Amino acid sequence: MCGIVGYIGKRDVAPLLLEGLQRLEYRGYDSAGIVVTSPKATGLKMVKAKGRVRDLEARVPARFKGTTGIAHTRWATHGAPSDVNAHPHLSADQKVAVVHNGIIDNASDLRRKLEADGVEFLSETDTEVLTHLIARAQAETLEEKVRETLRVIEGTYGIAVLHADFPDRIVVARNGSPVVLGIGEKEMFVASDIAALVAHTRQIVTLDDGEMATLKADDFRTYTTEGTRTTAEPTTVEWEAASYDMGGHDTYMHKEIHEQAEAVDRVLRGRIDDRFSTVHLGGLNLDAREARQIRRVKILGCGTSYHAGMIGAQMIEELARIPADAEPASEFRYRNAVVDPDTLYVAVSQSGETYDVLAAVQELKRKGARVFGVVNVVGSAIAREADAGIYVHAGPEVCVVSTKCFTNTTVAFALLALHLGRTRDLSVRDGKRIIEGLRRLPEQITEILAHEDDIEKLAEQYAE
Ligand code: GLU
């Protein structure tokens, strides 16, 4: 799943979109593309290139003007990385352009049907079926055309659609692949990741699965894929554009390792209650009586979050004496698990968008379970789907290898364990001891990182 950026407003769109794509480069990709238009234009202009965003930039002609556009970095799933397979994909009449993150599961069936009907495909991608289906849809409005198309689609998608006959809007939709709107002053942005938005606006709206939106320069509206209007209150992102810069470090990983002390300080801030040797977790919505009724804790995550959850489970067992375990969300969601009302389910995710975790949360909620989120990105899908939760406040994690977020997630679990422990049998004295330990963490991290040169030598020696 890769990157989408879109813009509609008054500014020259190509430089804006290229800059947005650069902000998404950290996610990895193999090719990139951009399509632009403007209210007065008669058609769409498109450039695509295999390789880096700067290869794309080099191909963009001087007269590539427009005030509306969508762009993409692709991570190939269907068809090799190449110029033609790069997104956007255009319809035969060159009127419809689509960028897509995700996988269309029934693409080969749909492709066969379209080909039998005389449609000529240019690329090997699953995405291209969307373009032709939207172009051939009978409905009148662009929203209806997209909706008509999504009805026959199976799979995951975050899409942005531009249509030459409707140059005043971008239509987007989401199912399993993040789509975030950025609300500006007489301009609107859309991206698959807030990293591409924060340089322009901090007012964001994250779409839910099954939700669509129409963006116009001075307005946006959201609705379900069935067409029912939804309400979307923008939330404010705390992260600044500068927090995505390398800040003098050689790599994001190095930068984020060195941000750990500060990050741990943030996850603790305002949460420790010295008077009762416990912690306040504002987002938890769990009174002491409810906390005492919990008979099991089941932690669900993927990758690093799952590993942080394993540590969390140990701490909860030890401090709160509640049986706890962690399970990969990707296993849990497929195994028809028994859902128990006395179990506290905890969903862990840095981005708050991890698809398997989100799917597990949705299934749990459907079965009436109580689900907590331990999430880094405020306002993300898992944070909103969960009944309550704890934000881990690690700040943006750009490096794909998790460092500070892993640390903060384990600290968040320590807080949860302490909180549950203190509503049960953990003594004031033990509570105090743990709080003191937590408070010392930032300083200890700084102390350890002062020995970086020695650590580096050891890492080289033992890495294999
Ligand atoms: N499945 C699409 C393709 O292979 C989109 C991949 C992506 O998410 O970047 O072109």
Side-chain angles (χ1 to χ4, degrees), residues 1-6 17-18 20-35 46-53 55-56 69-91 96-112 114-115 119-135 146 149-150 152-162 170-180 190-196 206-207 209 302 330 351 353-356 358-359 380-381 400:
M1 185 196 304
C2 231
I4 292 175
V5 198
L17 295 183
L18 290 167
L21 290 183
Q22 269 158 13
R23 298 238 174 227
L24 300 182
E25 283 194 293
Y26 77 91
R27 306 182 67 94
Y29 64 104
D30 53 55
S31 54
I34 173 171
V35 62
M46 182 173 81
V47 185
K48 311 200 277 189
K50 183 181 163 185
R52 316 303 298 167
V53 173
D55 300 318
L56 174 69
I70 53 178
H72 190 256
T73 47
R74 174 177 186 239
W75 191 317
T77 65
H78 291 57
S82 68
D83 288 357
V84 270
N85 286 339
H87 303 206
H89 291 283
L90 288 185
S91 56
V96 180
V98 178
V99 294
H100 163 227
N101 284 347
I103 291 172
I104 308 297
D105 292 331
N106 59 344
S108 34
D109 278 353
L110 293 169
R111 179 187 273 255
R112 256 195 308 277
L114 285 162
E115 279 174 339
V119 175
E120 219 179 293
F121 277 76
L122 294 179
S123 79
E124 301 156 290
T125 65
D126 50 339
T127 305
E128 195 180 337
V129 297
L130 290 171
T131 312
H132 298 302
L133 288 170
I134 295 169
V146 173
T149 300
L150 296 182
V152 299
I153 291 290
E154 285 160 25
T156 55
Y157 51 80
I159 54 166
V161 183
L162 215 60
I170 300 173
V171 172
V172 299
R174 163 184 176 140
N175 182 46
S177 238
V179 175
V180 189
V190 59
S192 51
D193 181 327
I194 54 176
T206 308
L207 292 193
D209 272 348
C302 292
S330 48
S351 63
E353 298 286 347
T354 316
Y355 187 58
D356 285 322
L358 181 59
S380 54
V400 178

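Each ligand, and each atom within it, is numbered from 1 in the order the structure gives. Predicted model only: the values in this text are computed from it and were never measured.
Within the listing of ligand 1, atoms 6 (C), 7 (C), 9 (O) sit less than 4.0 angstrom from a heavy atom of Trp75. Residue His100 has at least one heavy-atom neighbour below 4.0 Å for each of these atoms of ligand 1: 5 (C), 7 (C), 8 (O). For ligand 1, the atoms sitting less than 4.0 Å from at least one non-hydrogen atom of Thr125 are 10 (O), numbered in the order shown with element in parentheses. Each of the following atoms of ligand 1 lies closer than 4.0 Å to a heavy atom of His72: 9 (O).
Remark: ligand 1 and Gly102 share an N or O pair separated by less than 3.5 Å (distance only, no angle test). For a threshold of 3.5 Å applied to N or O pairs, the pair formed by Thr77 and ligand 1 contains at least one separation below that value. For ligand 1, none of its N or O atoms has an N or O atom of Asn85 under 3.5 Å away.
Counting heavy atoms under 4.0 Å from ligand 1, residue Asp126 touches it through the side chain alone.
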Just do the side chain to side chain contact (heavy atoms under 4.5 Å, CB included) check on Glu353 and Asp193 with the steps written out, would you?
CA-CA 10 Å; Glu353 298 286 347; Asp193 181 327; over 6 Å; no
Side chain to side chain contact (heavy atoms under 4.5 Å, CB included) between Leu150 and Ile159, worked out
CA-CA 10 Å; Leu150 296 182; Ile159 54 166; 4.1 Å; yes
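No side-chain donor from either of His78 and Asn85 sits under 3.5 Å from a side-chain acceptor of the other.
Listed for the Glu128 side chain is a donor-acceptor partner under 3.5 Å among the backbone atoms of Leu122. A side-chain donor-acceptor contact under 3.5 Å links Tyr29 to the backbone of Val53.
The pair Asp55-Arg52 does not meet the salt-bridge criterion, since no charged nitrogen lies less than 4.0 angstrom from a carboxylate oxygen.
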